[in-house]
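What follows is a short report on a single structure.
In what follows, chains are A, B, ... by sequence order, proteins preceding strands, each numbered from 1. Side-chain atoms are counted along with the backbone in the values below, which use heavy atoms only and exclude waters and symmetry mates.
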Amino acid sequence: MYSEKVMEHFMNPRNQGEIENPDGVGEVGNPKCGDIMKIFLKVKDDRIEDVQFQTFGCGAAVASSSMATELIKGKTLEEAWDLSNKAVAEALGGLPPVKMHCSVLAEEGIHKAINDYRVKQGLELWKEKPGASHAHADDACEI
Amino acid sequence: MYSEKVMEHFMNPRNQGEIENPDGVGEVGNPKCGDIMKIFLKVKDDRIEDVQFQTFGCGAAVASSSMATELIKGKTLEEAWDLSNKAVAEALGGLPPVKMHCSVLAEEGIHKAINDYRVKQGLELWKEKPGASHAHADDACEI
Amino acid sequence: MTGRRLVYMDHAATTPAAPEIVEAMLPYFTERFGNPSSIYGIARESKAAIDTAREQVAHAINASPEEIYITSGGTESDNWAIKGVAYAHRKRGKRIITSAIEHHAVLHTCQYLERQGFEVTYLPVDEFGRVSLSALADAITDETILVSIMAANNEIGTLEPIADCARICRERGVYFHTDAVQAIGSVPVDVRAQDVDLLSLSAHKFYGPKGIGALYIRKGVRLDNLLHGGSQEQRHRAGTENLAGIVGMGAAIERAVGRQEEYARRLTSLRKRLLSGIMERIEHVRLNGHPTERLPGNLNCSFEFIEGEGMLLLLDHAGVAASTGSACTSGSLEPSHVLLAIGLEHATAHGSLRLTLGESNTEADVDYVLEALPPIVERLRTMSPLYADYRRSCNVQ
Amino acid sequence: MTGRRLVYMDHAATTPAAPEIVEAMLPYFTERFGNPSSIYGIARESKAAIDTAREQVAHAINASPEEIYITSGGTESDNWAIKGVAYAHRKRGKRIITSAIEHHAVLHTCQYLERQGFEVTYLPVDEFGRVSLSALADAITDETILVSIMAANNEIGTLEPIADCARICRERGVYFHTDAVQAIGSVPVDVRAQDVDLLSLSAHKFYGPKGIGALYIRKGVRLDNLLHGGSQEQRHRAGTENLAGIVGMGAAIERAVGRQEEYARRLTSLRKRLLSGIMERIEHVRLNGHPTERLPGNLNCSFEFIEGEGMLLLLDHAGVAASTGSACTSGSLEPSHVLLAIGLEHATAHGSLRLTLGESNTEADVDYVLEALPPIVERLRTMSPLYADYRRSCNVQ
Ligand SMILES: Cc1ncc(COP(=O)(O)O)c(C=O)c1O
Ligand SMILES: Cc1ncc(COP(=O)(O)O)c(C=O)c1O
């Protein structure tokens, strides 16, 4: 079902935890659909100095959080914003079709955390690219 | 499928053959339904001195012919007329439901042969009892 | 899994075929392989073997052999019973009643029939998963042609009052079908005493092979055939018989029903040990299903703040095979309809774990799970934003 | 039969499972028994085993694995293909075309659909059992939604021109289904080259287990599900998978297709020996089916003046397992619809004998049958009033 890489990240998640006084936080997903992801950012000089996550969700959700945080750690906010869900899934050696939404959730969580940071900094919000995928449209658990 | 008795009569049919110059002959059944039975009688003093059969048909048809002829041999014509298909089937240790018509055919063949004898003797025909079963009503192969 | 301990606690999903059952089946693949519809020696032997199996199944549920029709499993039996009655009686009425917690083999069949113009009532269940008899009685109308209520639920183990349901249906002149797939071998089943008209069973749930089952059809019940073709199964279910499977099912049901009481006693005791062990060791756990009126081997709990699939993966890593009502492999993201029907919140439903005990399980297995599970739950809770929120809310107070 | 010679010549009815196939199946009953829908180790192994089997089936008929749907056998595949297309497309049209010589799994399904308001055309066949392409083309109307023509007839062995039928259907935008149950392993089958939309197969006809089969559904073909329930088989055929059976079918089809050419060559030569031996030794025999365009192992002859069941019983006594188109065990008294469709008189049809060769058969078997059969025919003819009539008519002349 899952690739070795997914299992490895699920069994040994990187960056799992909470940041006290984070510079930005993003929480996405909902309990109805069985997955919630929370991303904590520590930002310095426009760069992600630290990132941590908390996830309620399936193996793919945990692995996606782990991989996504790993991929943005140390990157600039611009670079982090550009991380696509496909890149996360690819880095995990692929996800089963029914689990692709987990990688979308990770992308969304990062975006939300970055914009949270920007709001706190009094900066304008960055906009999602048109056509970006959404994990759960309108609270419905479609895939 | 078949009782031992049926198989025994099929493998070693009694009275199978033809009587030259018979006193009565009865042929029943039709090729459409896959069974034809022909009964030959030699009658002396109102008694069945000899009886032979020819049968085109399944194992049950052959066994029924064999058993039926065995049961009427040496009997009076009245006694032979009274042989019911059920008696034939019972004597064979039972027949599968779909094969019961074979015993009916045997009964009918005997009746036809007896009446053929009676016609030849210038006697009136005996009538089937009301409600007697028929192997193949009107050429249709219903069971 | 090689070399590692394997504790299989997913007997509701499927059971292994017992070695003696496989032994009984073996000759029918290669030597005694004759097509029972033929008339030569090895065909007659096949016919006799099927007759024996049919008697074994009939005897196990107190039916007559002519009332047993062999199918390819529980799903086909459920489909046949429901569609068969629906199509045969649609002139009389187009209403069907079932429960909200049936197996998908019943529910999806009913939903298909809805698309064909039938009307289906899905009776709600109480917090323990039991249908209400008065709700059933109220739901029956003159157009109702069939009621289908399962004997035992596959997820939460709750036993339904099928004898009472059957009585109500009998009084109202409505056919009653029960999906007894989970019940056979675990609880007594008696089609005469319980007075059911149609009953589904599936061999792989009682240590027989997969892909073989039966539908009991009470003499006189009229329904359309589902599979048309040859004249097998008294002309009611076509297809060359799955000879080895049938022999296996016959042997397995005789074996299962023969040891049912002992099986139930043993599993009940293991289940209680498992439940109290979990309750002692882990906080924020909810038992799903009825506390006593349940399948002896079924334990279903919800662990708050975490999601089921993660539990399964970590349990698998520890060598424990279990199942969840969370939407992991099902291709949907909605949790189990059964857990929602008994009133669980979505998040709680997602955190359910089903452990179903069977022949292979021992007290040592139970104790092993009781050791393995708490750190798994702990670990997932540590990871969970819901648990962090909960902890924060406690600290605040 | 104990201790006696057994010459099995009823391979069209069913074949024994090959020992190595049973060997391959065995672990999946007891050890590797996991339900493939679950996510733990032994379940993943089951899933992988099914994937492999699906690839084996796909490869054997040149399909993609996602186009293979596993069923409980040829009957279910036929029912699904025909009812599935009928129900899904009835808004577009209610006409179906098939041939007069299909297996009952197709014919009785069509007859059932007729009772549901569909109109079915049963194409006649010529004296060899072949459908006419122009008759097919003429029969298609705008309301035709499906054509079903078998690849090879189970009674008389005639091969149908399915690639040509498929081409006509493709041109007219009508789905084409073929029942290839008898063809697999005996003649080449290629769903791409032959361009069929749906194809039925059944494992027990090619040395696999009974009770398992498949339906090939070309990508894009739309049909209703037949069995509703769980999300197995890409959500198109519910029911816990018959794991061992599936593994057996996969291994068996790979094996069968791998040796198909050699098998066909060997059986063709045996069949010719059998046919010419019969023709030399017995008078008043008619070959049924096509002289060359037929299944390699199928021989079907009518012996004038006698009835088939008697032949079977005496052959059985001699240790030969064979079959007839006479109405012996079928519960009807009408002889085979196939034999009537090729124009046989009823009596001649009743006198048919089908000998179908297979892996176990040798020249010695053929010679044994050639020795056993003439006295049996002679004996039954001596008993037959039809033969007596015939003899008399000859003497008279
Ligand atoms: C209650 C219930 N009904 C029906 C089924 C379907 O049976 P099968 O998988 O044998 O088709 C199952 C199990 O899968 C079940 O638990
Ligand atoms: C041509 C043909 N179609 C369909 C079937 C039905 O297959 P099964 O008996 O596996 O259901 C058979 C054999 O019985 C057959 O020969």
First locate atom NZ of B/Lys99, then atom CD of D/Glu309, and finally report the distance between them rounded to the nearest 0.5 Å. 3.5 Å
When rounded to the nearest 0.5 angstrom, what is the spacing between CD in B/Glu27 and CG in D/Asp389? 6.0 Å
Can you find a pair of side-chain heavy atoms, one from [X] and one from [Y], that are under 4.5 Å apart?
X        : Y        : answer
D/Met383 : B/Val62  : yes
B/Gln54  : D/Thr382 : no
D/Leu314 : B/Met11  : yes
D/His350 : B/Phe56  : yes

Among B/Ala60, B/Gly57, B/Pro13, B/Ser65, residue most engaged with chain D (heavy-atom pairs, under 4.5 Å): B/Gly57
What one should report as the nearest heavy-atom pair of D/Leu313 and B/Gly59 is CD1-CA, 3.7 Å
Going by side chain to side chain contact (heavy atoms under 4.5 Å, CB included), name the residues that satisfy it together with D/Ala372, two or more places apart in sequence or in a different chain. D/Ala318
Sorted by chain and number, sequence neighbours left out, side chain to side chain contact (heavy atoms under 4.5 Å, CB included) with D/Glu371 holds for none
Per-residue contact mode, D/Tyr387 against chain B (heavy atom under 4.5 angstrom): neither
Measure distances from D/Arg379 to the heavy atoms of chain B and classify the residue's part below 4.5 Å as side chain, backbone, both or neither. side chain
Considering only heavy atoms, which portion of B/Ala61 lies under 4.5 Å from any heavy atom of chain D: side chain, backbone, both, or neither? neither
Once salt bridge (Lys or Arg N to Asp or Glu O under 4.0 Å) is applied, what residue pairs with a partner in residues 114-128 of chain D remain, sequence neighbours excluded? D/Arg95-D/Glu119
Residue-level contacts of residues 112-127 of chain B with chain D, using a heavy-atom cutoff under 4.5 Å: none
Using a cut-off of 6.0 Å, state whether more than 12 heavy atoms not belonging to [X] lie near its atom [atom1].
X        : atom1 : value
D/Glu345 : CD    : no
B/Lys5   : NZ    : no
D/Arg391 : CZ    : no

